[in-house]
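Residue indices begin at 1 and follow the sequence shown. Keep in mind it's a predicted model, so treat the numbers as computed, not measured. Heavy-atom basis, side chains included; hydrogens, waters and symmetry copies ignored.
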Amino acid sequence: MSRRANKMRTYQKLLRGAIRLIHRSGLHTLTTGKVASESGMAQPTFYVHFADMNTLLQKAASELSDAVFRR
């Protein structure tokens, strides 16, 4: 797998992990460590793909919105 494809796969894993956690436990319990752990990654990997939690939440909201409107 190319480096670019691997990076995108990791990005998607983190994003989906965050969405699962929000669904399961709510937004108030979300941390970068929990997102990384849920995604099978180390916490520093989170910051390779997202500047901060707000950036992740914006991307997650966009992804969920896109999914709703594709139906």
* Asked: Could you give all pairs that pass the salt bridge (Lys or Arg N to Asp or Glu O under 4.0 Å) test and reach residues 44-63, with sequence neighbours left out?
  -> none
* Please answer whether the main-chain N or O of Leu21 pairs with a side-chain N or O of Lys34 as donor and acceptor at a distance below 3.5 Å. => no
* **Nearest heavy-atom neighbours spanning Thr32 and Met53** => N-CE, 3.3 Å
* Ignoring hydrogens and geometry, is there a side-chain-to-backbone donor-acceptor pair from Thr45 to Ala42 under 3.5 Å? -> yes
* Validation row: Leu30, Leu57 side chains within 4.5 angstrom (heavy atoms) -> yes
* Could you state whether Leu27 and Val35 fall into the same hydrophobic cluster, counting links through intermediate Ile, Leu, Val, Met, Phe, Trp or Tyr residues with side-chain heavy atoms under 4.5 angstrom apart? => yes
* Any side-chain heavy atom of Phe46 sitting closer than 4.5 Å to one from Leu56? -> yes
* **For the student: nearest non-hydrogen atoms of Ala36 and Leu14, plus distance** => CA-CD2, 4.1 Å
* Asked: Would you call Arg16 and Glu38 a side-chain contact if the rule is heavy atoms closer than 4.5 Å?
  -> no
* To do: Calculate, to the nearest 0.5 Å, the distance between atoms NE2 and CE belonging to His49 and Met8 respectively.
  => 9.5 Å
* Asked: Linking I/L/V/M/F/W/Y whenever their side-chain heavy atoms sit closer than 4.5 Å, directly or via other members, would Tyr47 and Tyr11 fall into one cluster?
  -> yes
* Is any side-chain heavy atom of Phe50 less than 4.5 Å from a side-chain heavy atom of Leu15? -> yes
* Does atom CZ of Arg24 have more than 12 heavy-atom neighbours from other groups under 6.0 Å away? -> yes
* Asked: Taking all non-hydrogen atoms of both residues, which atom of Ser39 and which atom of Gly17 are closest, and how far apart?
  -> OG-CA, 3.7 Å
